[in-house]
Amino acid sequence: MPDPAESITKNFRFDEAEARIYGGWERAGLFRADPEAPGEPFVIVIPPPNVTGNLHMGHALDNTLQDMLTRYHRMKGDNTLWMPGTDHAGIATQAVVERQLAKEGISRVELGREGFLERVWRWKEEYGGRIIGQLKRLGASCDWSRERFTMDPGLSRAVRETFCTLYEEGLLYRGDYVTNWCPSCLTAISDIEVEHEDRDDSLYHIVYEGVGGAPSLTVATTRPETLFGDTAVAVHPEDGRFPAGEFKVRVPFTGREIPVIRDPYVEREFGTGALKVTPAHDANDFRLGQRHGLPTVVCIDRRGALTAEAGPYAGLDRFEARKRILADLESRGQLAKTEPLRHAVGVCYRCRTVIEPLLSLQWFVRTAPLAEAASASVRDGRTALVPRSWERTFFDWMDNIRDWCVSRQLWWGHQIPAWYCPGCGRTHVLREDPSACPDCGGRLERDPDVLDTWFSSGLWPFSTLGWPERTPELARYYPTTVLVTGFDIIFFWVARMMMMGLKLMGDVPFRTVVLHPLVRDASGQKMSKSKGNVIDPLTVIDRFGADAFRFALASQAGTARDLKISEDRVAGCSRFVNKLWNAARFALPHLACLAGGGGPPGGGRDCARALLAAPPPPARRLPDRWIRSRLLAVTREAREALEAFAFDRYADLLYHFIWDELCDWYLELAKPPLYGDDPEARREAAANLRLVFCETLALLHPVMPFVTEELYAKIPGASGFLMASAFPEGRDAEGDPAAERSIGVLMDITRAVRTSRADFHVPPGAKVRPKVSSDRPEVAGLVAEYSPLLLKLMGAETLSTALPGEAKPRDAAEQILDWGAVWIPVAGEIDLAAEQARLAKELVELDRDIAQAEAKLRNPGYLAKAPEEVVEETRERLASLRARREGAERSLRLVAGLAEGRG
RNA sequence: AGGCGUGUAGCUCAGUGGGAGAGCACUACCCUGACACGGUAGUGGUCAAGAGUUCAAAUCUCUUCACGCCUACCA
């Protein structure tokens, strides 16, 4: 008899195994995609993490799901590519390097643009891309030979080509507009990079004196410091509180005269009904100003300090200036009122500085036509969003989209390929750097700004495949199949890729977008450093292993919006890994008798498929027939779940199959033949065990790649890699309902005896002698054949079959089952009172259920309208309930009799 | 303000028209030859509230309440 404890460690040593296994996969080139290879293409592009980034929970989830899909499709035989890479992350990276410089006491300006960029590149070579190594620890099976970076020469060419094309088609323009300016990052940012925070603030009522006898007006504002930029006061056209006709008021302090205009934009109910208009410092005021031909006056500069327009306040920070202006207005009697106001304030997504809307010269993408095409592609199903509920949000955004400000006042990024000629005043947007003005030959000045990082990531699905070159990869792998990402970047990234892909490639960038939940802590809080609730994925992997971690993530990746992760959860999954490991510890030594029955020697994809592709052994014995039938069902459901991106369903399915069916029953049922002395039976049981085990490992491999690969390698006859093996298709043509029914009988008997033992407090060591009674002919045979095993499982001494017509013995508890009954003689000291109470309670419950079922079957509406099978089910249920009631009643009489006898 | 989502066992969640489920936690018992990271049997729920549709509602519709997220031009 093999001693498993000798041949295999007690637990999976993931700390030692993971790197070794991953290295094996890499060396065998299993991650590589070949556009020339056959197979349906299956392509995922990774959402490129920032080069500055470290693996966080969001990445871990995102990449676990991508890896599951990638591994599944690769095993299915698809031509699979998972394209990896990183993003240059303009502001974030520039900030990191600037901080590093600051420690050395150097500023970026001192270094100059070229010197600074050199430093950033050096930083990138040294520290950037650490996240790639972290992804490998997770088990990510990307084709690393194709790794891209958004500032690679190829991708930079794609950016330049895109910029020029959009410019030539009038989809890109430069202009003076109010944009969101961050006075701390010193750059413009796009609308969606502004986050809104509710803050307690004040609404100030300020008196503007009338000019030449005109009445004074009181305006309400939260930002008094912008009054120096006022070029009008606006009221609603139908607001009777204000005199008709044209008149002017004076801006406080400067005395500048500004007109009072009428516009329906003004809300009469808010504040005083009079709105000060500052076109240079507010997006709405800017639009108002354009409608009414108002001039713009800039009174706050790029650092958030007031300009010379503010006279005595010039040079003061905007918030300091606000305080002083309020104090001075107060002393002049021009501050009529101050009231508290809670309102949303726009802040920079990076540094949380309050955004200063600022008139500045920026580049914009004209998004309306692009968005319309993207919207249409979802409407007509060329791209599907999963779950579908995101469609509405997507359409809402696309339908109301505003032009995209793409220029950033940074150095790190793709510099805008626009040159301005001071001589002739023309702008040139060019694919190749010019040496002089093409028109007048004068010296050109290049636009110093760079592009928004999302501009280049918007091209990711095709720029990584070689565009604008026409490469074999582009032909084979575009459009990509699935995009997997969090819903928080639908607008930043998904929408932009769709707009760019449709415009430049003429087709959608991906067929399906899978939007997964955001990872939160155990109590549903967003993880953040300041809250101190961040769980580091690498720590989790160190402690519990990548497989347990991946399984924990996958098992919760349903359609909800939050995914709450905790170490406890992962610890629970590590027990599952342990369970599987120990199942193998039992099974593997028994497979030794099959050695030599595998595929050809050597490694590689084709021979690795051999074991899983070999013809299945015959399954003549009941347990084998049963488990093969169950395996078939589970295989089909697992495939369905993965095809539907129901990662949680897939994980749950395998968890219960392995634990409840494979381990709890099949391994037990396999023991008699495996330990028995019939070599033929042993071989057949072993062959089936190997098949079931092998296919189970394959089914589980997408989510638990390491432990399954490790165990696969230990199976006699296995060669190559599980990763390169075929995903099970369901080897048997059909299920075996008869076998499932029979095993069901064995399970019922076991459970019945166990329940009675517990109910009647039969001591663990004491044996019982249950009897099975049934009119079903096969039951006696089952009992005879499996009684040795059943005796062990339920702690019985003998198990026999009742003769036809035999009555239940007086001293036996009875468990009524669908197919018959089990009698369990009970003796010894029993808490009879408690037992009577329990049975009485059960009777009440049964009576209630019976009444319910009877009412249903008496209901004409039910009989007329309910489907046939539903009615039939109810009849069966009623019969079963009545039988159980009868049994419970008998048991109650028995217990009562015993109580009588004893008392 | 609008949109989206959530509300089911102590906790985390699955279930989307026909008998209320899982994991963890809890109680009692058990080291039975792979696993005590195990096993067996249990306790525990007016499925947020109300109304409607239906023969039948946790499930579909409407209303209300609570919480969360996103978008937005009431300064």
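Naming: A, B, ... by sequence-line order, numbering from 1 per chain. As the structure is a prediction and not an experimental result, all values here were calculated from the model.
For the residue pair Ser555(A) / Asp648(A), no side-chain donor-acceptor distance below 3.5 Å is found, with atom types taken as modelled. No side-chain donor-acceptor contact under 3.5 Å links Glu267(A) and His236(A).
Listed candidates were C55(B), C29(B), G39(B). Nearest to the side chain of Lys865(A) is C55(B). In the set A22(B), C73(B), A41(B), C73(B) carries the atom at the smallest distance from any side-chain atom of Asn284(A). Taking the side chain of Lys10(A) as heavy atoms from C-beta on, and the options A72(B), C35(B), A14(B), the nearest nucleotide is C35(B). Among the nucleotides U71(B), C55(B), A34(B), the one closest to any side-chain atom of Asn859(A) is C55(B).
Of the residues Thr218(A), Ile258(A), Val260(A), the one that meets the side chain to side chain contact (heavy atoms under 4.5 Å, CB included) test with Tyr208(A) is Ile258(A).
Among the heavy atoms of the strands lying under 4.0 Å from Arg751(A) are primed sugar atoms or P, OP1, OP2 only; no base atom is included.
If you take CG of Leu288(A) and C1' of C73(B), they are 10 Å apart, rounded to a whole angstrom. With rounding to whole Å, Glu197(A) atom CD is found 15 Å from A72(B) atom P. Between the CG atom of Asp396(A) and the C1' atom of C70(B) there is a distance of 10 Å, given to the nearest Å. At whole-Å resolution of the value, CG in Leu667(A) and P in G33(B) are 15 Å apart.
OP1 or OP2 of G3(B) has not a single side-chain nitrogen or oxygen of Arg392(A) nearer than 4.0 Å. A close approach under 4.0 Å does occur between a side-chain nitrogen or oxygen of Tyr675(A) and OP1 or OP2 of A34(B). The side chain of Arg569(A) contributes no N or O atom lying less than 4.0 Å from OP1 or OP2 of C13(B). Contact between the side-chain N/O atoms of Trp659(A) and the OP1/OP2 oxygens of G39(B) is found at a separation under 4.0 Å.
In this structure, Phe14(A) has its ring center at least 6.0 angstrom away from the ring center of Phe706(A).
Where pairing requires Watson-Crick or G-U contacts shorter than 3.5 Å, the helical stems of RNA chain B with at least three consecutive pairs are B:1-7 with B:65-71, B:10-13 with B:21-24, B:26-30 with B:38-42, B:48-52 with B:60-64.
Judged by atom type and distance alone, Arg877(A) reaches the base of G19(B) through a side-chain donor-acceptor pair under 3.5 Å.
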